[in-house]
Protein chains: 2
Amino acid sequence: MDRLPTLRQLQHFIALSEHLHFGRAASAIHVTQSTLSASLKELEAILGAPLVDRTKRSVVLTPIGHEIAGRARLLLAEAEDLTQAAKAVRAPLSGAIRLGVIPTVAPFVLPYVLPQLRRRYPSLLLFLVEDLTERLVTSLRDGALDAALIALPFDTPGLETATLFNDPFVLAARADHPLMAGKTPSDEAVQAERLLLLRDGHCMRDHALSACGVHAPRHDDAFEATSLMTLVQMVDNGLGVTLLPQMAVARGLLKGTNLATRPLSGDAPAREIALVWRKGTLRRAEFELLGREFKALAKIK
Amino acid sequence: MDRLPTLRQLQHFIALSEHLHFGRAASAIHVTQSTLSASLKELEAILGAPLVDRTKRSVVLTPIGHEIAGRARLLLAEAEDLTQAAKAVRAPLSGAIRLGVIPTVAPFVLPYVLPQLRRRYPSLLLFLVEDLTERLVTSLRDGALDAALIALPFDTPGLETATLFNDPFVLAARADHPLMAGKTPSDEAVQAERLLLLRDGHCMRDHALSACGVHAPRHDDAFEATSLMTLVQMVDNGLGVTLLPQMAVARGLLKGTNLATRPLSGDAPAREIALVWRKGTLRRAEFELLGREFKALAKIK
DNA sequence: TCTAACTGATCGGATACATCGATGGACCGC
DNA sequence: GCGGTCCATCGATGTATCCGATCAGTTAGA
């Protein structure tokens with residue numbers, strides 16, 4: 001066959017595709033603009049197709065350039081995967097891992113796990129990204145992340161999952177709320193209340209809904225919180241009741257409020273906290289180890 | 001992060017992993033042994049792990065080396081995919097395509113399609129590999145092939161398929177065979193005969209069996225042919241009857257024999273000839289075009 | 001229209017790197 | 001122990017990469 005592009009050339013192109021500006025892209029990857037320009041020219045020669053359109057004052061990716069950029073990113077991620085996997089043979093969890101975590105998990109797990117993890121694996125470089133499941137999964141797939149801590153059930157084709165533990169939902173309301181008295185309230189009783197939830201996009205919203213058997217709730221922006229903290233505040237202000245992950249409660253989410261909690265009816269509806277990664281990665285053994293560490297360290301005592 | 005291996009280093013390592021001999025691997029990829037040695041040493045330094053064990057007189061891959069080799073092959077294939085996809089933008093079907101074809105299709109399609117294809121796309125480089133479906137699919141997945149011409153149904157996760165046409169099965173027996181007289185024989189009548197088949201591993205065997213409703217046939221090595229040609233000879237020698245793809249008959253498989261054919265009962269049981277490729281390849285558009293060309297050129301007039 | 005600012009392309013020189021041929025050193029079979 | 005095979009190493013050489021400086025084209029404002 002014929003000449004292949006260099007990984008370095010692909011890195012250069014990716015930088016350019018992200019900055020759409022030779023100078024800035026160049027300095028971002030610590031080369032000069034002239035180097036980047038030459039490198040890109042060479043890459044275009046090898047590929048035999050124009051990747052960027054510099055006719056105007058601004059740099060624009062051509063359609064094929066856009067495709068190539070996406071694929072190049074994946075290619076580089078796989079190369080990175082390769083090297084990290086090789087390094088992990090000598091000393092697992094000693095390289096860089098880019099980890100995504102969802103917002104309804106991060107504050108209740110990371111502060112308890114990371115310090116110990118750091119102590120145990122001093123050379124582990126954990127890059128953290130907090131975002132919604134949907135975007136974490138996308139990032140995983142196109143190689144921008146190595147692993148993610150998310151809540152299941154969630155449709156994750158192409159990913160492997162390792163369950164860490166179950167996180168049951170509990171009903172939370174003001175301590176003086178009628179639902180807090182008497183025997184465990186039924187799903188119907190809960191649904192009769194104004195149920196406050198996180199805004200759409202948070203997987204916990206869907207998990208909470210299915211936990212109490214609701215599927216198409218009334219939609220009202222005014223009563224949708226953007227974080228568990230604000231959700232709790234809203235309930236504390238008497239705007240309604242809500243469902244919370246037990247883990248959050250155990251880790252002090254309700255401190256300073258008048259909220260009380262009680263179990264839900266049925267067989268302890270819960271979400272499943274899991275570590276996920278790209279199927280087929282060479283670093284699988286390392287991620288499984290990371291999962292076991294999280295499982296051991298995140299345990300609620 | 002830190003330094004990535006070079007694609008060239010990976011190529012060198014792959015060559016070594018295939019030859020398990022520095023000298024031969026080096027000459028196979030047209031470099032000197034010293035170059036290969038240095039290149040591999042550098043690669044091991046970058047990856048921080050030994051890839052081959054040269055303690056004994058022979059070169060052996062370490063476990064991690066084995067893993068890395070497999071992944072490196074895939075990485076290289078994707079890089080190749082990238083460049084070919086880029087080139088295809090200017091002129092589709094003008095680069096190299098490594099195409100696998102199953103033995104029960106190759107002789108009846110390729111001679112009719114390739115000459116015209118060559119005429120229409122003079123710069124297309126079609127590397128052909130004839131093998132059983134199972135191995136073609138494996139080669140596709142780990143990047144040793146770009147596309148394959150196979151028969152469905154076949155379980156092909158991770159692959160995309162484009163159906164070219166249906167290829168019905170017909171009953172074939174000596175012209176003086178009782179089954180050849182009277183009305184269309186039932187499945188039961190066929191099953192009562194000695195049904196000769198291709199040996200296990202050929203997908204056509206399974207397709208033929210399901211075509212006449214048999215699922216667990218009597219197994220007898222003596223009556224299993226290794227190619228359609230020998231199968232036909234066995235039937236011509238009066239050893240039994242068989243099922244043949246109509247395409248093969250139309251292309252003269254029975255020439256010079258005393259065999260006759262007739263349709264099977266039921267709604268024309270058939271296999272499906274399809275072009276398949278790795279899901280997510282950048283060259284999808286090109287392979288779809290190749291599929292359309294095959295479809296048009298392979299038509300039986 | 002002219003100018004100043006900014007963009008990416010290009011050039012020449014320095015440096016790093018891959019590659020080569022030759023040689024060294026370990027290991028084996030005879 | 002001797003010749004043969006194998007991989008590692010060394011020094012030389014050519015090539016690719018990168019940098020700083022400069023050029024050329026575009027834009028916005030004076």
Side-chain angles (χ1 to χ4, degrees), chain A residues 1-62 65-66 68-69 72 76 79 83, chain B residues 2-62 65-66 68-69 72 75-76 79 83:
Chain A
M1 320 256 175
D2 33 23
R3 235 152 53 97
L4 287 180
T6 300
L7 285 183
R8 174 131 37 204
Q9 286 164 350
L10 294 182
Q11 283 175 316
H12 290 177
F13 174 51
I14 288 172
L16 179 62
S17 79
E18 279 165 359
H19 293 87
L20 294 177
H21 185 290
F22 276 72
R24 281 191 282 279
S27 71
I29 54 178
H30 308 107
V31 296
T32 60
Q33 173 266 322
S34 68
T35 298
L36 182 61
S37 182
S39 182
L40 197 84
K41 190 181 175 187
E42 177 65 12
L43 179 59
E44 287 182 319
I46 290 175
L47 297 184
L51 299 177
V52 302
D53 185 354
R54 337 71 155 141
T55 51
K56 296 266 167 246
R57 201 167 162 67
S58 65
V59 171
V60 189
L61 291 190
T62 63
H66 199 263
I68 298 278
L76 278 226
T83 70
Chain B
D2 32 23
R3 235 151 52 98
L4 286 181
T6 300
L7 286 183
R8 175 136 29 208
Q9 287 164 350
L10 295 182
Q11 283 174 318
H12 290 176
F13 175 49
I14 288 173
L16 180 61
S17 79
E18 280 165 0
H19 292 87
L20 294 178
H21 185 291
F22 276 73
R24 281 191 282 279
S27 72
I29 53 176
H30 308 107
V31 296
T32 60
Q33 173 266 323
S34 69
T35 297
L36 182 60
S37 183
S39 182
L40 197 84
K41 190 182 175 188
E42 177 65 13
L43 178 59
E44 288 182 317
I46 291 175
L47 296 184
L51 299 177
V52 303
D53 185 355
R54 338 64 158 145
T55 52
K56 298 263 166 246
R57 199 166 165 67
S58 64
V59 171
V60 188
L61 291 191
T62 62
H66 199 264
I68 298 277
L75 207 66
L76 265 281
T83 70

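The sequence lines fix the lettering, A, B, ..., with proteins before strands; numbering per chain opens at 1.
- A straight line from CD of Glu44(B) to P of dC7(D) spans 13 Å, rounded to a whole angstrom.
- Panel note: side chain Thr62(B), backbone Gly65(B); a donor-acceptor pair is recorded below 3.5 Å.
- Regarding His21(B), its NE2 atom lies at a distance of 4 Å from the P atom of dC6(D), rounded to whole Å.
- When the side-chain nitrogen and oxygen atoms of Lys41(B) are compared with OP1 and OP2 of dC7(D), none of them lie within a distance under 4.0 Å.
- Protein atom CD of Gln11(A) is 14 Å distant from nucleotide atom C1' of dT17(D), rounded to whole Å.
- Side-chain contact between Leu4(A) and Leu76(B) is present, with heavy atoms from C-beta onward closer than 4.5 Å.
- Atom CG in Leu7(A) sits roughly 16 Å away from atom P in dC17(C) (whole-Å rounding).
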Output one letter per nucleotide in nucleotides 18-25 of chain C: B when a protein non-hydrogen atom lies under 4.0 Å from the base, S when only the sugar-phosphate is that close, - when neither is.
SSBBB---
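- By the 4.5 Å heavy-atom criterion applied to side chains, Leu16(B) and Leu61(B) are not counted as neighbours.
- Atom CZ in Arg24(A) sits about 11 Å away from atom P in dC6(C), given to the nearest Å.
- Rounded to an integer number of Å, the gap from CG of Asp53(A) to P of dT26(D) is 13 Å.
- Going from atom CZ of Arg3(A) over to atom C1' of dT17(D) covers 13 Å, rounded to whole Å.
- Regarding Leu40(B), its CG atom lies at a distance of 15 Å from the C1' atom of dC6(D), rounded to whole Å.
- The closest donor-acceptor contact from the side chain of Ser17(B) to the backbone of Ile14(B) lies under 3.5 Å.
- Of all heavy-atom pairs between Ala28(B) and His19(B), the closest is CB-CE1, 3.5 Å.
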Enumerate, atom names and distances included, each donor-acceptor pair closer than 3.5 Å involving a side-chain atom of residues 38-46 of chain A, sequence neighbours excluded.
residue, atom, partner, partner atom, Å
Ser39(A), OG, His12(A), ND1, 2.8
Glu42(A), OE2, Arg3(A), NH2, 2.4
Glu44(A), OE1, Arg54(A), NH1, 3.0
Glu44(A), OE1, Arg54(A), NH2, 3.4
Glu44(A), OE2, Leu51(A), N, 2.7
Glu44(A), OE2, Val52(A), N, 3.4
Glu44(A), OE2, Arg54(A), NH1, 3.1

